[in-house]
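A quick write-up on the structure given underneath.
Computed from a prediction, not measured in an experiment: that's the story for all the values here. We use all heavy atoms of the structure for the numbers below, so side chains are in, but hydrogens, waters and symmetry mates are not.
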Amino acid sequence: MSPFSLRIPVEHQGALWFPALLNLNCVEGIEETRLPLDKTAWDDLLMANKRRDVLILLSFDKEVSKLGSFNPARVGVVLDDLSRYLDQGKYQLQVDATDSAAFLWYSFLAFQHEVYLYIAIFTIVLLLFRLLYGSFIGGLMICGCLFYMLCALFGTMGALGIPLDLVGNSVFFLVAVAAMQDFIFVSSGYLDKKDDEEVVACFRRYAVPSFFTTLTTMVGFASLYVSDLKSIRLLGVIACYGSLFQWLVIFMILPSFIKVFPCLTLWVRKEKAVKLVFLDWMNIKLSRKATGSLLFLALLAPFGFFFYKVNSDPRIFFEKSHPISQGFAYLERTRDFQTPAYLVLRPNFPDVDRESLIKDLQSDTAVSRVISYQHSIDPHLNTLQPFYRSYLQAILPSTPYYEVFHNKDDWQRIFIYLRPTTIADGKHLQELVNRHCPPSACYLGSDTLSFQEFSDRIIPTLLESLAISVFLVSLVLIWICLALDRKDAIFKIL
């Protein structure tokens, strides 16, 4: 998309009609515009005479796929085609991709590369089990369980239509830690088992206490459902399910598998295990003075809450040397903005209200510039005579340029180019828009502003989840005390 997309001829009754805006030089085969670019709203944004660069805004159509309503791989196709085209030419050009589509593409690449992370984790687990329990068999068993859980978790998410995003992607690691913890307890117990104790009995010995540990973990994850952020709620649901599923795998499926294949009973070899001597230091007795000092330090921990920092920039996911970070830095350095936002207005939005809203946005310190359809086209129309102006106004709604600012239902989009913003800036912009019109008539959209809203809700969500978790876990512990006829322990819990 560019201001030059105005230069689109229209075919009518077998003839090509060009807007009067253009001068065609048929001898040299070039087009010349009567209106210099520095007289338009796009001056110093898409291109400037002082710099030999150009900013191209691409708009991708939605499509239904397993990746959602937008397939990030399409960005990769565009970049690959552009790279091949530039390689064939004689010019050495640098291409930077930024904004939401590029962010999704590079995030998608990160998901693909996570297979190397899984390989590294499985390799470390294999070596640790060989070191601590004297056999690779135990490492192979837990790695097999983890891989089974990985397939089951992501498969369940796909079946339920839960997307794999930057938040939900962490669910496997949360569940994997719980699974390895349970298996290590069982392995340690089996390492010190009696000679006549069966494998199933060892699993049965740890199944009940591990279940209640899993239950409290499930309660903690389920409490995330109170969040008003959809991605957090979905994380809580799938992590709650994953916690229960990992317990079933470790204490139900794995013992059955060992019973079918008796050779797996040798997953620990005490004579080959390496004893970690430094763990014996944990049994040392501390003096009363040392214990008091450590307790005092522990009581200082809650004060750390007042020093937390919330990230309000989605670019933190990428290193400064990453192409998308370099692209954003280049825009900020050369164009006085970092990322675009979009103000969407309902059809037939009053012109007076629109102009008032744009004026207030332009005066905001977080906004570099605002470009609407009217502001971008008026400089062209004002240079034309009334007859040609009417003609151009008539054909514009059928051009791709009009579609940049309007959808099929005639909702209008206004481009807002933001400087580096904080969470407070984002809130101020949202409040400014809400003062002019309700969300049903207009709304502000931006990946950066959405990420800032997400970051701003993290701490309240965690505090709400903590309060609910403490309450529900206390109920679980009281129920256990009543079931064990230990009513005296209830007061200790409270």
Side-chain angles (χ1 to χ4, degrees), residues 65-68 71-73 75-76 79-80 97 100-133 136-160 162-184 187 217 220-221 224 231-232 234-247 249-250 253-254 267 311 313-326 447 451 454-455 458:
S65 69
K66 66 178 181 179
L67 299 171
N71 187 352
V75 178
L79 294 178
D80 290 342
S100 58
F103 183 85
L104 288 174
W105 164 240
Y106 287 119
S107 300
F108 176 67
L109 283 182
F111 290 156
Q112 289 183 323
H113 293 162
E114 278 194 354
V115 64
Y116 302 112
L117 178 60
Y118 295 143
I119 292 175
I121 291 175
F122 291 162
T123 302
I124 293 173
V125 169
L126 277 173
L127 295 177
L128 283 178
F129 267 83
R130 172 59 183 85
L131 179 68
L132 300 178
Y133 299 104
F136 285 109
I137 296 178
L140 292 173
M141 288 167 58
I142 186 61
C143 286
C145 292
L146 293 179
F147 181 74
Y148 177 71
M149 289 187 292
L150 174 68
C151 297
L153 277 176
F154 289 168
T156 303
M157 292 174 67
L160 298 178
I162 300 177
L164 186 65
D165 54 22
L166 293 174
V167 176
N169 185 50
S170 61
V171 66
F172 168 71
F173 301 101
L174 299 175
V175 174
V177 170
M180 286 190 290
Q181 173 183 303
D182 288 341
F183 190 66
I184 287 174
S187 299
T217 303
F221 284 129
L224 292 175
S231 58
I232 298 296
L234 293 177
L235 172 65
V237 170
I238 199 66
C240 179
Y241 157 76
S243 298
L244 177 61
F245 186 75
Q246 69 84 18
W247 183 86
V249 170
I250 297 298
I253 298 178
L254 186 57
W267 89 80
N311 170 42
D313 189 352
R315 294 181 301 167
I316 195 68
F317 292 110
F318 302 98
E319 299 289 343
K320 291 184 178 180
S321 58
H322 194 277
I324 195 170
S325 299
Q326 292 181 343
D447 289 340
F451 185 82
F454 172 82
S455 302
I458 287 293

Point-to-point distance, once rounded to the nearest 0.5 Å, from [atom1] of [X] to [atom2] of [Y]:
| X | Y | atom1 | atom2 | answer |
| --- | --- | --- | --- | --- |
| L132 | L127 | CG | CG | 10.5 Å |
| T123 | L128 | OG1 | CG | 11.0 Å |
| Q246 | T217 | CD | OG1 | 8.0 Å |
| F173 | I121 | CZ | CD1 | 4.5 Å |
| F129 | I124 | CZ | CD1 | 13.0 Å |
| F172 | E114 | CZ | CD | 10.0 Å |

Ignoring hydrogens, what is the shortest heavy-atom contact between [X] and [Y]? Give both atom names and the distance.
| X | Y | result |
| --- | --- | --- |
| S170 | L235 | OG-CD1, 4.2 Å |
| S231 | F454 | OG-CE1, 3.6 Å |
| E319 | S325 | O-OG, 2.9 Å |
| F221 | C240 | CB-N, 3.8 Å |

Counting only pairs under 3.5 Å, give me each side-chain donor-acceptor contact of residues 138-159, with atom names and distances, residues two or more places apart or in other chains.
residue, atom, partner, partner atom, Å
T156, OG1, A152, O, 2.7
T156, OG1, Y241, OH, 3.2

When the ring planes of Y118 and F122 are compared, do they come out parallel, tilted or perpendicular, using 30° and 60° as the limits? parallel

Using the ring centroid of each side chain, check whether Y133 and F183 are separated by less than 6.0 Å.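 No; F183 has its ring centre 6.0 Å or more from that of Y133.
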
